[in-house]
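If you're wondering where the values come from, they're calculated on a predicted model, not measured in any experiment.
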There are 2 protein chains.
Amino acid sequence: MDLTRKKRTRLYEDVVEQIRKLIVDGTLAPGDQLLPERQLAEKLGVSRSAVREALTSLVSLGLLEITPGSGAYVKEAKINDLIDPLASIMLKEINDVFDILEARQVLETGAAHLAAQRAERTDLYELHEFLRDMENDVNEGRDTDESDSQFHFSVVRASHNTVLINLMTVLMGLMKEYYGPSRKRLVENRQYREMWALQHTEIYEAIKNGDPENATDTVAKHLDTTIKEFRRLQGTDE
Amino acid sequence: MDLTRKKRTRLYEDVVEQIRKLIVDGTLAPGDQLLPERQLAEKLGVSRSAVREALTSLVSLGLLEITPGSGAYVKEAKINDLIDPLASIMLKEINDVFDILEARQVLETGAAHLAAQRAERTDLYELHEFLRDMENDVNEGRDTDESDSQFHFSVVRASHNTVLINLMTVLMGLMKEYYGPSRKRLVENRQYREMWALQHTEIYEAIKNGDPENATDTVAKHLDTTIKEFRRLQGTDE
DNA sequence: TGGTCCAAACTGGTCTGGCCAATTTCCATA
DNA sequence: TATGGAAATTGGCCAGACCAGTTTGGACCA
């Protein structure tokens with residue numbers, strides 16, 4: 001038996017790879033229009049169906065966007081297109097309920113450390129905006145889900161590390177899919193909402209003052225509080 | 001103009017969603033075989049081509065595996081299937097060359113902290129194995145790429161946090177695609193290889209002794225060394 | 001009875017050709 | 001020059017066919 005050749009290469013996979021290469025090496029820039037399926041098929045010497053399957057695959061990878069009647073366009077590949085499948089994969093593997101929050105703690109404390117060193121005026125402005133948003137939400141009894149997430153995201157953005165930012169995007173996607181229900185219950189507790197808002201202020205101050213250690217500590221404390229509260233909620237649940 | 005309805009739902013996307021649901025809710029378990037394309041088409045009342053495009057999409061998302069002549073099988077969705085597209089997306093957004101290493105530092109220091117608290121005998125054994133592998137590689141002048149990666153990965157695995165492990169997988173994929181060339185040059189320097197092996201030992205000892213702070217520090221120091229060396233290499237390059 | 005081997009049935013991969021609906025193009029008309 | 005609408009173009013979907021592997025079910029042999 002021939003163990004080297006595992007699976008014969010499928011034709012449409014070749015097409016995928018060819019187009020993919022053109023995109024990654026910049027020959028095809030975001031916004032560019034691909035040749036029509038029929039011409040592409042002729043040019044590559046394959047049938048239209050093979051081309052279609054290739055395009056379908058590229059669409060599901062977030063590399064293309066297809067408008068019926070118009071054409072296929074190269075898309076600015078954004079991580080959001082992969083969040084859903086990524087989240088479902090990671091969710092299946094989770095065995096401890098607090099893995100996500102713990103991972104956030106690891107990532108956000110590190111990001112805060114960097115943010116305190118690198119935050120620029122625009123970053124501080126953004127942080128302050130979301131800080132105020134959340135305070136308003138608390139005062140007016142609104143849901144703080146959105147403003148809370150936004151603030152945490154801003155902290156990571158202020159680290160100016162795109163890799164950390166992308167990883168945070170993944171974690172936020174995970175949060176939404178995993179903690180959706182219990183989070184709703186958590187934020188109904190006004191006492192905790194207020195404590196959170198206060199802790200956010202501390203974080204903001206630490207970053208503004210350019211104090212990495214303090215930024216790290218306040219973020220760590222903040223997420224500790226969160227984890228403890230989630231744990232308490234879970235305890236009353238079952 | 002109607003802004004609410006952006007794009008009409010494509011038929012094959014419906015099929016994707018239906019099958020996807022069956023997989024995530026467990027009706028279709030990994031290893032299960034799907035109905036043949038022709039039957040699936042008949043059952044869903046669509047053409048075979050629509051089914052094929054749906055299956056193509058699911059394959060590229062890593063949810064299915066198709067064997068020609070045999071059938072389509074539900075796959076244990078692994079993050080590796082999404083690493084390539086994920087890496088290319090994140091690579092495009094990177095503006096500082098050391099973003100990846102910095103992100104690794106954030107993630108691995110946190111993971112080491114947890115590992116020192118949670119590592120079990122099997123984890124320590126695995127760590128020790130890769131430690132020895134690398135020492136052997138160094139002594140015999142072999143490439144240390146593999147054994148080095150494996151050790152770092154083991155540290156994160158010892159944290160027993162599946163989310164961190166998955167994020168580490170992403171980062172390692174990024175490393176391979178980004179630092180491939182210069183890393184090759186780096187490990188040619190025997191002096192650094194030996195220093196690395198020594199630092200790995202320190203990390204191992206800290207985890208073994210259940211000393212979270214020390215584990216964090218040694219990992220931080222280790223990656224600092226790495227970043228500095230990469231920086232030096234880059235300086236001599238251009 | 002038990003194992004072997006081969007043909008038939010099945011399955012995915014690809015192709016051809018066709019129709020529809022939405023979009024774009026372009027020209028005749030106001 | 002602007003505009004309205006027909007024609008061409010494009011992607012979405014379908015039907016039917018053939019091929020190359022895989023699986024299956026017996027028929028045949030030991």
Side-chain angles (χ1 to χ4, degrees), chain A residues 1-20 22-23 28 30-75 81, chain B residues 1-20 22-23 28 30-75 81:
Chain A
M1 184 162 45
D2 185 359
L3 289 176
T4 60
R5 169 177 44 77
K6 277 296 184 173
K7 27 187 154 183
R8 236 184 66 262
T9 163
R10 258 140 289 197
L11 196 49
Y12 82 87
E13 286 181 348
D14 287 351
V15 180
V16 166
E17 214 37 50
Q18 290 192 44
I19 300 178
R20 201 172 134 83
L22 292 179
I23 294 179
L28 286 172
D32 284 0
Q33 183 171 11
L34 265 66
L35 285 171
E37 294 176 357
R38 293 165 174 86
Q39 292 182 39
L40 216 48
E42 190 185 4
K43 185 166 207 163
L44 299 175
V46 300
S47 76
R48 196 184 153 204
S49 34
V51 171
R52 292 211 93 240
E53 292 188 13
L55 297 188
T56 302
S57 177
L58 288 166
V59 166
S60 68
L61 290 177
L63 286 170
L64 288 185
E65 197 164 26
I66 296 182
T67 310
S70 173
Y73 301 84
V74 178
K75 192 177 166 189
D81 299 306
Chain B
M1 182 164 45
D2 185 358
L3 290 176
T4 60
R5 168 178 44 77
K6 277 297 186 173
K7 30 186 153 183
R8 236 182 68 261
T9 162
R10 258 140 290 197
L11 195 49
Y12 82 88
E13 286 181 348
D14 287 351
V15 179
V16 166
E17 214 37 50
Q18 290 193 44
I19 299 178
R20 200 171 135 82
L22 291 180
I23 294 178
L28 287 172
D32 284 0
Q33 183 171 11
L34 265 66
L35 286 170
E37 295 177 355
R38 292 165 176 85
Q39 292 182 40
L40 216 49
E42 190 185 6
K43 185 167 206 161
L44 298 175
V46 301
S47 77
R48 197 184 151 203
S49 34
V51 171
R52 292 212 93 240
E53 293 186 13
L55 296 188
T56 302
S57 177
L58 287 167
V59 166
S60 68
L61 290 177
L63 287 171
L64 288 185
E65 195 164 28
I66 296 184
T67 310
S70 174
Y73 301 84
V74 178
K75 193 177 166 190
D81 299 304

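- Looking at A:T56 and B:T56, their side chains never bring a donor and an acceptor atom within 3.5 Å of each other.
- How far CG of B:L63 is from CG of B:L22: 11.5 Å, rounded to the nearest 0.5 Å.
- The interatomic distance linking B:I66 (CD1) with C:dT14 (C1') rounds to 14 Å, in whole Å.
- Partners of B:E17 by side chain to side chain contact (heavy atoms under 4.5 Å, CB included), not counting sequence neighbours, listed by chain and number: B:R20, B:K21.
- Not counting sequence neighbours, the partners of A:V16 by the side chain to side chain contact (heavy atoms under 4.5 Å, CB included) test are A:Y12, A:A54, A:S57, A:L58.
- Residues A:L61 and A:D81 have side chains not in contact (no heavy-atom distance under 4.5 Å, counting atoms from C-beta outward).
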List every contact pair, protein side and nucleotides 24-26 of chain D side both N or O, where the distance is under 3.5 Å.
none

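- Between the CD atom of A:E53 and the OG atom of B:S60 there is a distance of 11.0 Å, given to the nearest 0.5 Å.
- Within residues 53-61 of chain A, no residue has a heavy atom under 4.0 Å from DNA chain C.
- Judged as a side chain to side chain donor-acceptor pair (under 3.5 Å), and not counting sequence neighbours, the contacts of B:S47 are B:S49.
- A straight line from OH of B:Y12 to C1' of D:dG11 spans 11 Å, rounded to a whole angstrom.
- In this structure, B:V74 and B:L64 have side chains that are in contact, with non-hydrogen atoms separated by less than 4.5 Å.
- Of the residues in residues 33-52 of chain A, those with a non-hydrogen atom less than 4.0 angstrom from any atom of DNA chain C are A:R38, A:V46, A:S47, A:R48, A:S49, A:A50.
- B:L40 contributes atom CG, which lies 12.0 Å from atom CZ of B:R52 (distance to the nearest 0.5 angstrom).
- Taking atom CG of B:L11 as the reference point, atom P of C:dC20 lies 17 Å away to the nearest angstrom.
- Atom CG of A:L44 sits about 9.0 Å away from atom CG of A:L11, to the nearest 0.5 Å.
- The environment of CD in A:Q33 is crowded: more than 12 heavy-atom neighbours from other residues, nucleotides or ligands sit within 6.0 Å.
- The nearest whole Å value for the distance from the CZ atom in A:R10 to the P atom in C:dC15 is 14 Å.
- Put simply, B:S70 has a side-chain N or O that comes within less than 4.0 Å of OP1 or OP2 on D:dT23.
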